[in-house]
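In what follows, a structure is listed as structure tokens, so that the remarks can point back to it.
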Amino acid sequence: MPELPEIEVLRRSLAPRLLGRTIIGLEVTNPALREPVDVEGLAAVVRNRRITGLGRRGKYLLIDLEGDDSIVVHLGMSGRLTLAGSQVPKEKHEHLAFHLDGGERLRFSDARRFGLVLALPTATLFEDSHFAHLGPEPLAGGLTGEVLAAATERRRGPVKNFLMDGRVVVGVGNIYACEALHRAGIHPKRSVARIAPRRWDALAQAVCSTLEDAIAQGGTTLNDFVDGEGNSGYFQTVLEVYDREGEACSRCGKSIRRIVQSGRSTFYCGGCQR
DNA sequence: CGGGCGGCCTGGAGGC
DNA sequence: TGCCTCCAGGCCGCCC
């Protein structure tokens, strides 16, 4: 569920609360995440280190520490990264927490445990296997029709699967792929080999505007997502197609359909997406 | 080689 | 009301 907008909202909510703070210790309750947490290694890296920056690459949150190390956090499907006071009891699925100077803790909770927490040297972060293959950032002006069209030389198949491939562009998951295709008026099953240059421009613009609008609405909260302060997002109230099977399309009035592509639900309007 | 799909995981929803 | 099954999907790895 958390895609690029949710991680960006999380980053912006945490930055003013974390910058300049010092991590005084790590507490791991359950290291069994998607990749097992290296408890000793992570503890050694973060202890008594000051937080100097909050970054993001795709769906990864990056917490930079003084002295050239970064904490990498991925929320998976159901992860939460929230600040809590020392008196706040542990959440049910609170798997680890960074204890901060001043008594608060930055806690990582994740019911489904698809998430990830690790530490890497900042200077060579993007050479790590988690990042090395990732495509351009859509919001830094890195996504144009030309970029998408060029990526079709490496990636074929239906355009919806193409948009969700992190090698093509980062940060677009199932919800925003469906929404962007609706904005661009493109059918999710259309082969990327059969999309004209002008439509690639429209799609690149649709991806960017969808992500930007979602950030402005605090992200999409369907089940789990909250920002660093525990606030839900509102973009789910303005989704045009996702999880709206049977409802009328706001643009053409035809009924929204649900199909399955690569085992994932796809929602689209059969009237205005061609 | 590249695309599709299963597996990981658990809460919530829906059916009986 | 309670139990069972199924579904949600980011990402990796396996398979065709």
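Just so it is clear, the model here is predicted, and its values are computed rather than measured. Each chain gets a letter, A, B and so on, in the order the sequences are listed, and its residues count up from 1. Computed from heavy atoms alone, side chains included, the values below leave out hydrogens, waters and symmetry copies.
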Quiz item: Charged N to carboxylate O under 4.0 angstrom, A:R257 versus A:E245?
Solution: no

Self-check item: Salt-bridge criterion met for A:R17 and A:E229 (N-O under 4.0 Å)
Solution: yes

Quiz prompt | Residue A:P158, side-chain heavy atoms: nucleotide from C:dC11, C:dG10, B:dG4 that is nearest | solution = B:dG4

Quiz item: Do any side-chain nitrogens or oxygens of A:S78 fall under 4.0 Å of OP1 or OP2 in C:dA8?
Solution: no

Exercise. Rounded to the nearest angstrom, tell me the gap between atom NZ in A:K160 and atom P in B:dG3.
Key: 16 Å

Practice problem: Answer yes when A:D213 and A:R183 have at least one side-chain N-carboxylate O distance shorter than 4.0 Å, and no when they do not. | Solution: yes

Quiz item: Atom OH of A:Y242 and atom C1' of C:dC7: how far apart are they, to the nearest Å?
Solution: 10 Å

Quiz prompt | Integer-rounded Å distance: C:dA8 P and A:D110 CG | solution = 19 Å

Practice problem: Report yes if some heavy atom in the side chain of A:V226 is under 4.5 Å from a heavy atom in the side chain of A:R80; otherwise report no. | Solution: yes

Quiz item: Any idea how A:F235 and A:Y176 line up, ring-wise: parallel (<30°), tilted (30 to 60°), or perpendicular (>60°)?
Solution: tilted

Quiz item: How does protein contact run along nucleotides 8-15 of chain B, one letter per nucleotide 5' to 3', with B for base contact, S for sugar-phosphate only, - for none, heavy atoms under 4.0 Å?
Solution: BBBS----

Practice problem: Could you check how far CG of A:L222 sits from P of C:dC7, rounded to whole Å? | Solution: 18 Å

Exercise. Could you state the atom-to-atom distance from CG of A:L33 to P of B:dG7 in whole Å?
Key: 22 Å

Self-check item: Length of the CG-P vector between A:D243 and C:dC7, whole Å
Solution: 14 Å

Quiz prompt | Of the listed nucleotides B:dC5, C:dA8, C:dC11, the one nearest the side chain of A:S262 | solution = B:dC5

Practice problem: Could you check which of C:dA8, C:dG10, B:dG3 has an atom nearest any side-chain atom of A:K59? | Solution: C:dG10

Quiz item: Is the closest basic N to carboxylate O distance between A:E27 and A:R107 below 4.0 Å?
Solution: no

Practice problem: Would you tell me if any nitrogen or oxygen in the side chain of A:R155 comes within less than 4.0 Å of OP1 or OP2 on B:dC1? | Solution: no

Quiz item: Taking NE2 from A:H133 and P from B:dG3, how many angstroms apart are they, rounded to a whole number?
Solution: 14 Å

Exercise. Looking only at side-chain atoms of A:N161, point me to the closest of B:dG4, C:dC11, C:dA8.
Key: B:dG4

Practice problem: Give A:G157 one of three labels, base, sugar-phosphate or nothing, depending on what nucleic acid heavy atoms sit under 4.0 Å from its own. | Solution: nothing

Quiz item: Atom CG of A:D165 to atom P of B:dC5: distance rounded to whole Å?
Solution: 15 Å

Quiz item: Are A:R56 and A:E6 close enough for a salt bridge, meaning some N to O gap below 4.0 Å?
Solution: no

